[in-house]
Amino acid sequence: MELLPFFEWAETSFLGYIGKTYGGVYATFGQSIHLMALAVLGGSVLVADLRLLNVILRDVPSQVVVEHAHKWFRVALIFILSSGVFMAAAVAQRMYYNDFFWAKMSALLVGIVFVFAVKRPLLKGDHSQINPTVIKLVACASLLVWFSVAATGRWIGFSG
Amino acid sequence: MINELLLQFAEWLYNTGGSRAIEESFYLYNWIETTHVLTIMLCLGMLAFVDLRMLGYAMPGVSASTIADRVNVPMMIGFVIMFITGVLLFYAKPVYTIQSIWFRIKMVLLLVAFFNAIRFHRHMKASESTWHNEPRAPLNLRISAALSLGLWAGVVTTGRLIAYDWFHCYRDLPAWLGVAAGCVAD
């Protein structure tokens, strides 16, 4: 499927126009909100996964920590996606030819599928009934995936 | 006077070998910046959970002092990495950065956030036995927590804006803004 026409349209859309024309709006409502949402999303991933790895909050049941972290993960994800769409629209054609953009989109897709199709269903039940090695593997995989999302995201700005 | 001294210091830093080596290395500079940005997840992400707990929005059933104590170490590790990488980023571009109004606002916000954190910890330690199992902290701690979130949001925003030169010294700036940004007459 040819995606270039969609990216060309995105750049001429209302969002693309606002982001392109008003640098201040792009930097504050796009980049800064994206970074703040990244802090909360990363914080929620770290709090949950480091608890699953028995590194922090060992005296708090892991189910409680994971449950609350997931609530904030969802909030942060909404802000990350919204601000990300706004930023990408302003420079859509440049993004289309940027390898790190596609690396980030791939990592983000893997991350979202991993959270909602693997991690969440697995950890919804009683954690004591799950093999501890599986829990630790899920935590490590989660840390790795979200680190990749954040790192490839930052490198979009350094390439192209 | 202070702006002249700061600029002289920045120019001296700029001419050191380390500064040139970092700025001229594509991978070194960008990995330092990436590390600086990524540690906001470790430092500010954890801090956000502590502040949200105080406000009653995160883990209200878990003792507030337990959360604050247990996430303190990773949060401080994140802060130290963030601080070191931040110093290195400044070291790589000292002249540009010292004359950035955003950098200056960021430093002021960091200072206020630091004093707010000291005040917050002092109040928390003094009063935790009376409320730490409550879903929300007392009003003065909630104000500190909200202030902390606001100040760090400001630090992130101004940090990001350093990259933009809208109000840099080579622009046509009002006199007061030139002084605030650290511009020095040739």
Side-chain angles (χ1 to χ4, degrees), chain A residues 22-24 26-51 53-61 63-73 75-76 80 83 87 100 143 146-159, chain B residues 26-27 29-53 56-75 77-78 82 102 106 149-150 152-167:
Chain A
Y22 304 102
Y26 178 81
T28 48
F29 286 95
Q31 295 179 317
S32 298
I33 288 179
H34 203 67
L35 280 175
M36 283 182 250
L38 175 72
V40 177
L41 184 137
S44 67
V45 168
L46 283 167
V47 164
D49 292 339
L50 292 179
R51 172 63 189 91
L53 291 167
N54 280 326
V55 177
I56 58 166
L57 292 162
R58 276 176 287 193
D59 47 356
V60 181
Q63 277 146 281
V64 174
V65 177
V66 168
E67 200 59 38
H68 280 276
H70 185 71
K71 282 181 190 162
W72 283 100
F73 173 87
V75 172
I80 286 234
S83 53
M87 286 194 299
F100 279 100
L143 287 172
W146 290 105
F147 170 79
S148 305
V149 174
T152 49
R154 187 63 204 96
W155 276 77
I156 290 173
F158 300 144
S159 57
Chain B
F26 177 78
Y27 286 105
Y29 183 84
N30 288 345
W31 269 114
I32 291 171
E33 196 180 76
T34 302
T35 308
H36 189 67
V37 171
L38 294 195
T39 40
I40 70 169
M41 297 194 289
L42 186 58
C43 179
L44 301 192
M46 299 272 177
L47 181 73
F49 266 85
V50 175
D51 290 337
L52 290 169
R53 169 61 188 88
Y57 297 126
M59 297 189 237
V62 181
S63 150
S65 52
T66 299
I67 294 181
D69 282 346
R70 305 300 184 272
V71 303
N72 199 37
V73 172
M75 193 169 75
I77 292 172
M82 216 175 186
W102 303 116
K106 179 179 177 175
L149 288 172
W152 282 104
V155 169
V156 169
T157 303
T158 48
R160 187 65 201 91
L161 293 177
I162 291 172
Y164 294 93
D165 65 349
W166 304 317
F167 303 115

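Every chain is numbered from 1, with letters handed out A, B, ... down the list of sequences.
- Heavy-atom distances place the side chain of A:Y26, and not its backbone, under 4.5 Å from chain B.
- Within the 4.5 angstrom heavy-atom criterion, atoms from both the backbone and the side chain of A:V47 approach chain B.
- Environment of OH in B:Y29: crowded, with over 12 heavy atoms of neighbouring residues, nucleotides or ligands closer than 6.0 Å.
- Heavy-atom minimum distance, A:V40 versus A:W72: CG1-O, 4.0 Å.
- Among B:T35, B:I40, B:I67, the residue with the largest count of heavy-atom pairs under 4.5 Å with chain A is B:I40.
- A:L50 touches chain B through its side chain: at least one heavy atom from C-beta onward sits under 4.5 Å away, while N, CA, C and O do not.
- In terms of heavy-atom pairs under 4.5 angstrom with chain A, the leader among B:L52, B:T39, B:V37 is B:L52.
- Of the two parts of A:V65, the backbone and the side chain both hold a non-hydrogen atom closer than 4.5 Å to a non-hydrogen atom of chain B.
- With B:R53 contributing its side chain and B:V62 its backbone, the two residues share a donor-acceptor pair below 3.5 Å.
- Taking CZ of A:R58 as the reference point, atom CG of A:L53 lies at 11.5 Å (rounded to 0.5 Å).
- By number of non-hydrogen pairs under 4.5 angstrom with chain A, the leading residue of B:A48, B:C43, B:A153, B:G159 is B:A153.
- For an aromatic pair to be called close, the ring centres must be under 6.0 Å apart, and A:W146 with A:F73 satisfies this.
- A side-chain donor-acceptor contact under 3.5 Å links A:R51 to the backbone of A:L57.
- Looking at B:W152, there are no atoms closer than 4.5 Å to chain A (heavy atoms on both sides), in backbone or side chain.
- Every residue meeting the side chain to side chain donor-acceptor pair (under 3.5 Å) condition with A:S83, not counting sequence neighbours, appears here in chain and number order: A:H34.
- Of the listed residues (A:V45, A:L38, A:T28), the greatest number of heavy-atom pairs within a distance under 4.5 Å of chain B belongs to A:L38.
- When each of B:L47, B:N30, B:L44, B:L38 is scored by its heavy-atom pairs under 4.5 Å with chain A, the top score falls to B:N30.
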